[in-house]
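Have a look at the structure below, then the notes.
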Amino acid sequence: MLLWEETLFKDRDLFELDYLPEHFLHREAQMNSLKFCVRPALQGSRPVNALCLGPPGTGKTTAIFKLFEEIEAHSSKVVPVHVNCQMDSTRYAVFYQLYTKIFGHSPPSSGISFKRIFEKVARHSAEKDAVLIVALDDVNYLFHEKEVDHVLYSLLRAHETCPGARMGVIAILSEPALNYVLDPRVVSVFQAEEILFPLYTRAEIREILGWRVKMGFYPKVISEDVLEMVTDYTEMSGDLRVGIDLLKRSGLSAEKRASKTVSPEDVKNSYERSRLVHLTYALKSLKKDELCVLRLAAEHESSRAGEIFSRFHEETGAGYTRFHEILNKLDAVRLITTDFSGAGERGRSRIIRMRYDPKEILCRIGS
Ligand SMILES: Nc1ncnc2c1ncn2[C@@H]1O[C@H](COP(=O)(O)OP(=O)(O)OP(=O)(O)O)[C@@H](O)[C@H]1O
Ligand SMILES: [Mg+2]
């Protein structure tokens, strides 16, 4: 039996999703490609742009953090900035982050124009001989209103308005390909080296999770059999996050029973919640009217956009522009699929499809 103050976790932080693993296994090739891209920056010139592609939970964000850690340790002339586009989803917000990173504080007044922020950032790069490397993580959140074109254009043509400014971009996308048609003026400057992050194999998943277990739990808490089971579930979902979350929940579940070991039942019971880490996360970011469209789309699976819009309009009174925006966002956060990424098509006859079982969605948004 566990005493009430006892725990099975040696270090519970290791199971938080933003934990940066010390051992980053099976990503040597991708790390080498990334280093190849940023090498010119370390020598004072413009880096090669990169585009990291691959399914969720395949180490893309982790690779960038690892790379940036190394750059910061080796050079003060290269300024790496990681932008989470889910939070900073406009050109203004992105440059606000760059400014904050460069100067160590946010811009002086909240009313400052984009142009002023841009100039300060670009001038700093030119005058201080600093090369900026901007990672646009989850860049799909910039696909609405062509923000991504504005961001890339501003970053990659900065030297035209501010000679000497040097910036490079690493775009990151949880898809197998860039399913967005970039503006031709951007294409000419964003010639990105594609770096693919394939799904981990079963053996790789087992080894990665094995390390977490070794570092995060006390010995003998997780048996070989239980680790195999967690590996199976993780492989099924394809997302390493599911495995990490599952280890945490199973550990907590065993603690609750005051058991010193995690049992297969702990794993089985926790899986229901862990497999939907993504869905839960995505739903949290939605506003009320966005949830409304999602609910309607789930209630009327595979309906045409026009039909969903009529119902949405009836319920909320909102117009088509807002509806179109919401569809874009739900597509970007990968809750639904439509076929309009990039083409700018507004057709009401498009079919809206759910990426999750509509029942799962409906029971989570309390309808
Ligand atoms: N090779 C690895 N070794 C150890 N841990 C890893 C490895 N790859 C991924 N992880 C862990 O898996 C989790 C997900 O990784 P990460 O956030 O890098 O995925 P991602 O590819 O950016 O996913 P998404 O597309 O959903 O943003 C993180 O908690 C990370 O620590
Ligand atoms: Mg990521």
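When a ligand or atom number is given, it counts from 1 through the structure's own listing order.
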Based purely on interatomic distance, does Asp137 place a nitrogen or oxygen under 3.5 Å from a nitrogen or oxygen of ligand 1?
no

Taking atom 25 (O) of ligand 1 as the reference point, the nearest protein heavy atom with its distance
Ser174 OG, 2.4 Å

Salt bridge Asp183-Arg185, side-chain N to carboxylate O under 4.0 Å
yes

Whether Arg212 lies under 4.0 Å from ligand 1, heavy atom
yes

Distance from atom 23 (O) of ligand 1 to nearest protein heavy atom, with residue and atom:
Gly57 N, 2.8 Å

Is there a chain of hydrophobic side chains (I, L, V, M, F, W, Y, each step under 4.5 Å between heavy atoms) that links Leu199 to Ile244?
no

With under 30° as parallel and over 60° as perpendicular, where do the rings of His82 and Phe65 fit, or are they tilted in between?
tilted

Mark up the atoms of ligand 1 that fall under 4.0 Å of a heavy atom belonging to Tyr19, in ascending order.
31 (O)

Under a 4.0 angstrom heavy-atom cut-off, which atoms of ligand 1 come close to Thr58?
19 (O), 20 (P), 21 (O)

Residue, atom name and distance, where the atom is the protein heavy atom closest to atom 6 (C) of ligand 1
Leu240 CD2, 3.5 Å

Does the cation-pi check pass for Arg27 over Phe197, that is, NZ or CZ under 6.0 Å from the six-membered ring centre and within 45° of its axis?
no

Is it true that the NZ or CZ of Arg322 lies under 6.0 Å from the centre of Phe312's six-membered ring and within 45 degrees of the ring axis?
no

Near Phe24, which atoms of ligand 1 are under 4.0 Å from a heavy atom of that residue?
1 (N), 2 (C), 3 (N), 7 (C), 8 (N)

Is the closest heavy atom of His23 to ligand 1 under 4.0 Å?
yes

Could you tell me whether Ala63 and ligand 1 have an N or O pair separated by under 3.5 Å?
no

Point-to-point distance, once rounded to the nearest 0.5 Å, from CG of Leu155 to CG of Leu132:
8.0 Å

Is ligand 1 less than 4.0 angstrom away from at least one heavy atom of Phe65?
no

Between Tyr271 and Tyr233, what is the ring plane arrangement, given parallel below 30°, perpendicular above 60°, and tilted in between?
parallel

Counting heavy atoms only, which of Gly243, Cys52, Gly59 comes nearest to atom 19 (O) of ligand 1?
Gly59

Do any nitrogen or oxygen atoms of Pro21 come within less than 3.5 Å of a nitrogen or oxygen of ligand 1?
no

Here the atoms of ligand 1 under 4.0 Å from any heavy atom belonging to Ile208 are 1 (N), 2 (C), 3 (N), 4 (C), 5 (N)

Which protein heavy atom lies closest to atom 1 (N) of ligand 1, and at what distance to 0.1 Å?
Leu25 O, 2.7 Å

Atom 8 (N) of ligand 1 has as its nearest protein heavy atom Tyr200 OH, 2.7 Å

Ranked by distance from atom 21 (O) of ligand 1, the top protein heavy atom is Lys60 NZ, 2.7 Å

Below the 3.5 angstrom mark, is there an N/O of Glu16, backbone or side chain, next to an N/O of ligand 1?
no

Ring centres under 6.0 Å, that's the criterion: do Tyr320 and His313 meet it?
no

Return yes when Phe197 approaches ligand 1 closer than 4.0 angstrom through a heavy atom, no otherwise.
no

Between Lys329 and Glu325, is there a salt bridge with N-O shorter than 4.0 Å?
no

Using 30° and 60° as the class limits, which term best fits the ring planes of Tyr99 and His105: parallel, tilted or perpendicular?
perpendicular

I want to confirm something. Looking only at heavy atoms, which of Asp138, Thr62, Ile64, Ile244 is nearest to atom 16 (P) of ligand 1?
Thr62

Is the distance from the Mg ion (ligand 2) to the nearest N/O/S atom of Thr61 under 2.8 Å?
yes

Could you walk me through whether Asp239 and Arg275 pass salt bridge (Lys or Arg N to Asp or Glu O under 4.0 Å), step by step?
CA-CA 9 Å; Asp239 184 341; Arg275 84 192 164 89; over 6 Å; no

Does at least one non-hydrogen atom of Arg241 fall below 4.0 angstrom from an atom of ligand 1?
yes

Identity and separation of the nearest protein heavy atom to atom 29 (O) of ligand 1
Leu17 O, 3.3 Å

Do the ring planes of Phe9 and Phe15 sit parallel (below 30°), tilted (30 to 60°) or perpendicular (above 60°)?
perpendicular

Out of curiosity, Trp211 CH2 to Arg206 CZ, how far, rounded to the nearest 0.5 Å?
13.5 Å

Side chain or backbone, does Gly54 bring an N or O within less than 3.5 Å of an N or O on ligand 1?
no

Check this for me, if you would: do Glu314 and Arg311 make a salt bridge, where the nitrogen-to-carboxylate-oxygen distance has to be below 4.0 angstrom?
no

